[in-house]
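We use all heavy atoms of the structure for the numbers below, so side chains are in, but hydrogens, waters and symmetry mates are not. Numbers here simply count residues along the sequence, with the first being 1. Order of appearance sets the numbers: ligands from 1, and atoms from 1 within every ligand. Computed from a prediction, not measured in an experiment: that's the story for all the values here.
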Amino acid sequence: MSLLPILRFPDPRLKKIAARVGSIDDGIRRLARDMAETMYEAPGIGLAATQVDVHLRLIVVDASETRDQLLTLINPEVVEQDGQQVHEEGCLSVPGVYDKVERAARVVVRYLDLDGGERTVEAEGLLAVCLQHEIDHLQGKVFVEHLSQLKQLRIRNKLAKQARITA
Ligand code: K2U
Ligand code: ZN
């Protein structure tokens, strides 16, 4: 198992649209394992393959309090959504930035599991937020893009200043 480097916003690779996974082979299973290890170590409650510079439709999620309910979703797609909720979000690709984002309150996501089996998961609350956040990543969208242009400019300036200091 190994920890994977996470791309930092505004890296242009975070804007790439991920391709569907064709065959679920040992390479995909190894990637999913490494993503889960990277997510737990960060720590985070979700991670998309885009964030580790692999542009395939694969996400891992664990929004449980006990940190023992890992979901690995291949080719996830939202097939139902309703309601609205506002939740504070952060992102492992945008460290130190947190803000409120409005998303659907409930989602039903269809996906393939690591054995290639078709599954659906119905989610509300934080798990619903996390699934939408991660599926956004596969579409090349980072949560800050839901914020105002002014907030995005301030975030870019803050991160650019941090990069100069740590360079
Ligand atoms: O970068 C990521 O995609 C992991 C995200 C997932 C996430 C963020 C906000 C809300 C739901 C999911 C996070 O870094 S995981 C850490 C976290 C958890 C809850 C709130 C804020 C940050
Ligand atoms: Zn994120």
Looking just at side-chain N and O atoms, do [X] and [Y] make a donor-acceptor pair shorter than 3.5 Å?
{"X": "H133", "Y": "E89", "value": "yes"}
{"X": "R8", "Y": "Q51", "value": "no"}
{"X": "N75", "Y": "Y111", "value": "no"}
{"X": "H146", "Y": "D99", "value": "no"}

Of all the non-hydrogen atoms in the protein, which one sits nearest to [atom], and at what distance?
{"atom": "atom 4 (C) of ligand 1", "value": "G46 O, 3.1 Å"}
{"atom": "atom 16 (C) of ligand 1", "value": "G44 CA, 4.0 Å"}
{"atom": "atom 20 (C) of ligand 1", "value": "E88 O, 4.0 Å"}
{"atom": "atom 8 (C) of ligand 1", "value": "G90 O, 3.1 Å"}

Applying a 4.0 Å heavy-atom criterion (strictly less than), which segment of [X] is in contact with ligand 1: side chain, backbone, both, or neither?
{"X": "E89", "answer": "both"}
{"X": "M39", "answer": "neither"}
{"X": "H87", "answer": "neither"}

Taking side chain as C-beta onward, heavy atoms only, is [X] less than 4.5 Å from [Y]?
{"X": "D136", "Y": "F143", "result": "no"}
{"X": "L147", "Y": "I155", "result": "yes"}
{"X": "T50", "Y": "S93", "result": "no"}

Which of the numbered atoms in ligand 1 are below 4.0 angstrom from a heavy atom of [X]?
{"X": "Q51", "answer": "1 (O), 2 (C), 3 (O)"}
{"X": "L92", "answer": "1 (O), 2 (C), 4 (C), 14 (O)"}
{"X": "C130", "answer": "11 (C), 12 (C)"}
{"X": "E134", "answer": "2 (C), 3 (O), 4 (C), 5 (C), 6 (C)"}
{"X": "H137", "answer": "3 (O)"}
{"X": "C91", "answer": "1 (O), 14 (O)"}

Inset, instruction - Look at D11 together with K16 and state whether they make a salt bridge at an N to O cut-off of under 4.0 Å. - result: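 Looking at D11 and K16, the cut-off is not met.
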
Inset, instruction - Would you mind checking if R106 and E80 are paired as a salt bridge, meaning a charged N to carboxylate O distance below 4.0 Å? - result: yes

Legend entry - atom 11 (C) of ligand 1: any protein heavy atom closer than 4.0 Å: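 Yes; the ligand atom in question has protein heavy-atom contact below 4.0 Å.
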
Inset, instruction - May I ask whether I45 places a heavy atom under 4.0 Å from ligand 1? - result: yes

Inset, instruction - Determine whether more than 12 heavy atoms belonging to other residues, nucleotides or ligands lie under 6.0 Å from atom CD of E88. - result: yes

Inset, instruction - Rounded to the nearest 10 degrees, what's the angle SG of C91 makes with NE2 of H137 at the Zn ion (ligand 2)? Could you check? - result: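 Answer comes to 100°, rounded to 10°.
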
